[in-house]
There are 2 protein chains.
Amino acid sequence: MHTLSKNQRIIFDIIDKSPEPMKAYSILFNVQKKGIKAPLQVYRALDKLVEIGKIHKIESRNAFIACQNSSCQVSKATAFSICESCEKVTEINNSSLSKYLSNFKDKAGMKYSKYNLEFFGLCKKCITK
Amino acid sequence: MHTLSKNQRIIFDIIDKSPEPMKAYSILFNVQKKGIKAPLQVYRALDKLVEIGKIHKIESRNAFIACQNSSCQVSKATAFSICESCEKVTEINNSSLSKYLSNFKDKAGMKYSKYNLEFFGLCKKCITK
DNA sequence: ATTTAAATGTTATAATATAACACTATGTAA
DNA sequence: TTACATAGTGTTATATTATAACATTTAAAT
Ligand SMILES: [Zn+2]
Ligand SMILES: [Zn+2]
Ligand SMILES: [Zn+2]
Ligand SMILES: [Zn+2]
């Protein structure tokens with residue numbers, strides 16, 4: 001089990017508390033009172049947190065979200081739903097989907113070690129508006 | 001059928017000829033001799049080309065690739081394989097995969113209008129090295 | 001205690017992307 | 001063919017996202 005360093009802890013906590021994905025410079029702004037002053041301090045912590053699967057990057061949004069799969073072992077197999085109206089993002093935890101994708105082989109016979117999937121649409125709230 | 005404007009044509013052609021995904025500022029550098037001088041001219045053409053499905057953005061790489069599915073109607077359902085060693089990117093055209101994903105519904109009952117999937121691994125060339 | 005790896009702090013800079021505004025070309029319909 | 005609407009262009013400035021380089025400190029392993 002990995003122990004987070006001081007900066008990693010600070011930055012993980014703020015992402016974990018956030019109801020929505022956070023962008024790096026928004027994180028920076030929010031942790032300046034805790035002594036983290038430079039973008040690089042944020043990006044280094046983000047890199048590590050992504051690497052160990054505590055957070056994921058939402059590539060289409062350049063934003064970061066805490067893993068919602070209780071200490072995700074699957075940082076290499078991620079899927080998200082994204083509402084294009086309110087920007088709500090949810091991590092999808094669906095074993096059928098992850099099995100299908102983990103076993104997927106293309107024609108070229110290439111076997112994949114990792115994937116990231118982003119679904120876009122409207123969430124329930126936004127559909128009824 | 002959509003007719004490309006002058007800038008759109010220039011920028012599509014250079015992406016289409018490229019054996020690898022191109023980044024916006026690399027495109028800019030390459031089209032300066034054709035009179036396109038500013039980032040915004042490139043980004044505007046890119047936005048339109050993405051919108052009409054002539055190119056796709058590889059989100060994890062901030063790069064653009066021409067659609068490889070002969071005038072793709074599926075700019076809203078994209079899948080790519082990415083070699084993490086040589087950075088070769090290929091658009092996946094697999095009807096089983098696209099059916100599975102297009103019909104996917106999550107627990108919350110959210111129906112998706114769009115998805116983007118990126119697989120990562122090693123291509124054949126790079127495996128044998 | 002010594003060595004190694006990981007993390008930090010700091011300044012500067014690179015790379016990616018958009019805002020705002022004036023203008024031009026193109027298509028559509030009276 | 002004139003009026004109107006829509007899409008595209010050119011330009012300058014600026015915002016946003018991310019990394020390079022280097023010195024120092026902390027934590028872990030032998
Ligand atoms: Zn997760
Ligand atoms: Zn919503
Ligand atoms: Zn395509
Ligand atoms: Zn390769």
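Naming: A, B, ... by sequence-line order, numbering from 1 per chain. Since we're looking at a predicted model, the values are computed, not measured.
Summarising the geometry, the separation between CG on B:D47 and P on C:dT18 is reported as 7 Å, rounded to the nearest angstrom.
Take the nearest nucleotide of DNA chain C for B:R44 and for B:F64: the residue whose nucleotide is more 5' is B:F64.
Between B:D13 and B:R9 there is a salt bridge, since at least one side-chain N of the basic residue sits less than 4.0 Å from a carboxylate O of the acidic one.
For DNA chain D, the outermost nucleotides in 5' to 3' order that have an atom under 4.0 Å from a heavy atom of chain A are D:dT17 to D:dA21.
Applying the salt bridge (charged side-chain N to carboxylate O under 4.0 Å, His left out) rule to A:R61 yields the partners A:E87; only residues at least two apart in sequence or on another chain are considered. Residues satisfying the side-chain hydrogen bond (donor to acceptor under 3.5 Å, both in side chains) criterion with A:E84, sequence neighbours excluded, are B:K114.
Using a 4.5 Å heavy-atom cutoff, the side chains of A:I52 and A:L4 are in contact. Contact of the B:I36 side chain with the B:I27 side chain is not registered, since no non-hydrogen atoms from C-beta on lie closer than 4.5 Å.
Summary of helix geometry: the two end axes of the helix from C:dA1-D:dT30 to C:dA30-D:dT1, each defined by five base pairs via their C1' atoms, are inclined to each other by 40° (rounded to 10°).
The side chain of B:S5 contributes no N or O atom lying less than 4.0 Å from OP1 or OP2 of C:dA25. The phosphate of C:dA17 (OP1 or OP2) has a side-chain N or O of B:N62 nearer than 4.0 angstrom.
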Inset, instruction - Please test A:N93 against A:Q68 for side chain to side chain contact (heavy atoms under 4.5 Å, CB included), starting from the C-alpha separation and ending with a verdict. - result: CA-CA 8 Å; A:N93 186 1; A:Q68 290 164 32; over 6 Å; no

Inset, instruction - Assess whether side chain to side chain contact (heavy atoms under 4.5 Å, CB included) is satisfied between A:S96 and B:Y100, documenting all intermediate values. - result: CA-CA 10 Å; A:S96 158; B:Y100 185 90; 2.6 Å; yes

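Residue pairs that meet the ring-ring contact (aromatic ring centres under 6.0 Å, His included) test with at least one member in residues 18-52 of chain A, sequence neighbours left out, do not exist here.
Among A:L117, A:L97, A:T78, A:N69, the single residue meeting the side chain to side chain contact (heavy atoms under 4.5 Å, CB included) criterion with A:I92 is A:L97.
Residues from residues 6-39 of chain A lying near DNA chain D, meaning a heavy-atom separation below 4.0 Å, are A:K23, A:Y25 in numerical order.
Using cut-offs of 30° and 60° on the angle between ring planes, the pair A:F119 and B:Y115 is perpendicular.
Checked against C:dA7, C:dA20, C:dG9, the side chain of B:L40 finds its nearest nucleotide in C:dA20.
Under the 3.5 Å distance criterion, with hydrogens and angles disregarded, a donor-acceptor pair is assigned to the side chains of A:N116 and A:E118.
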